[in-house]
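One structure is given here, and the rest of the page talks about it.
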Amino acid sequence: MASQERPARRAPGAPGARPVGSATRGTTNPNRLRRMDRWIAAAHGTALRRTARDAGRAVAVDLGYGAAPWTAVELLERLRTACPLAEVAGVEIDPERVAAARPYERDGLTFVRGGFEVPLPGGARPVLIRAANVLRQYGEEEVSAAWARLTARLGPDGLLVEGTCDEAGRRHVWVALGPEGPRTVTFAAHLASLDAPSDLAERLPKALIHRNVAGEPVHAFLRDFDRAWATAAPYAPLGARQRWIRTASALSADWPLADGPGRWRQGELTVAWRAVAPRGWGM
């Protein structure tokens, strides 16, 4: 997916225009994005249903799905648990990947060639764009422009979810953005295999991964996250979930968490973007 490319001769999205960006490595595995998908269905389900009610459908985009179409197939299945009229368009810049995915098309699932311009048929504006493990290969200085381009494509009530996970989907961190910009950052983990919350640091999105250094808010957040986890060690005999819930409860005293026990039980924790944004962000 996308970087600062030389402008195409045709407007992005026009027939024959060069897609904006470059191909990712394409690595993907079934069930890799389950944690992100589960959160989207819960956090964005109301907006999906509202859009479907008003427009007769709710279009979501799996941007940069990779060498195999599994993540797009799974996204449709998971969104339809929250919104039966959800549709998914898998968008890939590599034409061979698009051709390989086409046999998997079915009602509500299509695959198109494109990049950050998100060229949906008829100029449709999605209510969701999910970009997982896409911006990781780009420079930090390219993130703001990519976010702005993608959020500009969103329809009313639209949400961009952009983040990074490991290949098994056990460690995942993502940013949720509306048309106005970033809103929250969510940390999600397979708790039974978690030694400490800072294990998630290597999965920070590109906007944050190079800011995990002393003096930056995200570094302070992960430090306090680890301290709260250590303090909650007496709850470990009750299971990792109970320890995580206790950790989140303690962390909420000093950090603006945007969720509660219902999501903490899922091995998630969401904090307001403003609390962990890089110093000088938006200046």
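Since the structure is predicted, the reported quantities are computational estimates derived from the model, not experimental observations.
- Hydrophobic clustering (side-chain heavy atoms under 4.5 Å, transitive across Ile, Leu, Val, Met, Phe, Trp, Tyr) groups Leu160 together with Leu135.
- Listed here is the closest heavy atom pair of Pro205 and Thr164: CA-OG1, 4.0 Å.
- Within the 4.5 Å cutoff, no side-chain heavy atoms of Glu162 are placed close to those of Val134.
- Inspection of the Thr51 and Asp157 side chains reveals no N or O donor paired with an N or O acceptor under 3.5 Å.
- Side-chain contact of Trp264 with Asp259: a donor-acceptor pair under 3.5 Å is present, judged by distance alone.
- Side-chain N or O atoms of Glu142 include one that pairs as donor or acceptor with a backbone N or O of Gly139 at under 3.5 Å.
- Of all heavy-atom pairs spanning Ala189 and Leu200, the tightest one is CB-CD2, 4.2 Å.
- A tilted orientation is assigned to the rings of Phe225 and Trp244, their planes being inclined by 30° to 60°.
- Although no hydrogens or angles enter the test, the distance criterion places a donor-acceptor pair under 3.5 Å between the side chain of His44 and the main chain of Val127.
- Remark: the backbone N or O of Arg241 is not paired with any side-chain donor or acceptor of Arg265 at under 3.5 angstrom.
- In this structure, Arg183 contributes its side chain and Ala176 its backbone to no donor-acceptor pair below 3.5 Å.
- Contact check for Val88 versus Phe111: no side-chain heavy atoms found under the 4.5 Å cut-off.
- Taking a 6.0 Å sphere around CD of Glu96, one finds it holds 12 or fewer heavy atoms contributed by other residues, nucleotides or ligands.
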inquiry  = Walk me through whether Arg49 and Thr46 qualify under side-chain contact (heavy atoms from CB on, under 4.5 Å).
reply    = CA-CA 5 Å; Arg49 291 188 293 273; Thr46 298; 3.4 Å; yes
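- No continuous path of ILVMFWY side-chain contacts below 4.5 Å connects Leu128 to Leu85, so the two sit in separate hydrophobic clusters.
- Interatomic distance, CG of Asp94 versus OH of Tyr65, reported as 8.5 Å (0.5 Å rounding).
- The hydrophobic clustering, which links ILVMFWY residues whose side-chain heavy atoms are closer than 4.5 Å, places Tyr235 and Trp229 apart.
- Atom CZ in Arg97 sits 10.0 Å away from atom OG1 in Thr28 (nearest 0.5 Å).
- Annotation: side chain of Phe187 is not in contact with side chain of Pro197 (no heavy-atom distance under 4.5 Å).
- Sorted by first and then second residue, the pairs that involve residues 79-91 and meet side-chain hydrogen bond (donor to acceptor under 3.5 Å, both in side chains), not counting sequence neighbours, are Arg57-Glu87.
- Contact between Pro234 and Pro237 at its shortest, heavy atoms only, is O-CD, 3.2 Å.
- Looking at heavy atoms from C-beta onward, Arg38 lies out of side-chain contact with Arg78 at the 4.5 angstrom threshold.
- For the atom pair OG of Ser144 and CH2 of Trp281, the computed distance is 3.5 Å after rounding to the nearest 0.5 Å.
- Taking every heavy atom of both residues into account, Ala188 and Glu268 meet most closely at CB-CG, 4.2 Å.
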task = Please assess Arg246 against Leu238 for the test side-chain contact (heavy atoms from CB on, under 4.5 Å), listing each intermediate value before the final yes or no.
result = CA-CA 11 Å; Arg246 183 69 180 182; Leu238 301 177; over 6 Å; no
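- The two residues Asp107 and Leu76 have their closest heavy-atom pair at O-CD2, 4.0 Å.
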inquiry  = Please determine whether side-chain contact (heavy atoms from CB on, under 4.5 Å) holds for the pair Arg32 and Asn133, giving the CA-CA distance in whole Å, both sets of side-chain angles, and the decisive distance to 0.1 Å.
reply    = CA-CA 11 Å; Arg32 185 183 187 185; Asn133 304 303; 3.5 Å; yes
task = Walk me through it: do Thr151 and Glu180 pass the test side-chain contact (heavy atoms from CB on, under 4.5 Å)?
result = CA-CA 8 Å; Thr151 55; Glu180 78 287 359; over 6 Å; no
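- If you chain together hydrophobic residues whose side chains sit under 4.5 Å apart, Leu251 and Leu194 fall into the same group.
- If you take CG on Leu269 and CD on Gln266, they are separated by 13.0 Å, rounding to the nearest 0.5 Å.
- Rounded to the nearest 0.5 Å, atoms CD (Glu92) and CZ (Arg113) are 10.0 Å apart.
- Linking Ile, Leu, Val, Met, Phe, Trp and Tyr whenever their side-chain heavy atoms come within less than 4.5 Å leaves Leu33 and Leu79 in two separate clusters.
- Using a 4.5 Å heavy-atom threshold, the side chains of His172 and Arg203 count as separate.
- Smallest separation of non-hydrogen atoms from Pro278 and Leu208: CD-CD2, 3.8 Å.
- Of the possible donor and acceptor atoms, none in the side chain of Arg130 sits under 3.5 Å from a partner among the backbone N and O of Ile40.
- Counting heavy atoms from C-beta outward, Arg263 and Thr186 have side chains that stay 4.5 Å or more apart.
- With hydrogens and angles disregarded, no donor-acceptor distance shorter than 3.5 Å links the side chain of Glu140 to the backbone of Lys206.
- Residues His219 and Arg211 fail the side-chain proximity criterion, which asks for heavy atoms closer than 4.5 Å.
- One distance of note links OG of Ser198 with CG of Asp226; it measures 3.5 Å at 0.5 Å rounding.
- Side-chain contact between Arg136 and Ile209: present, with at least one pair of heavy atoms (C-beta onward) separated by less than 4.5 Å.
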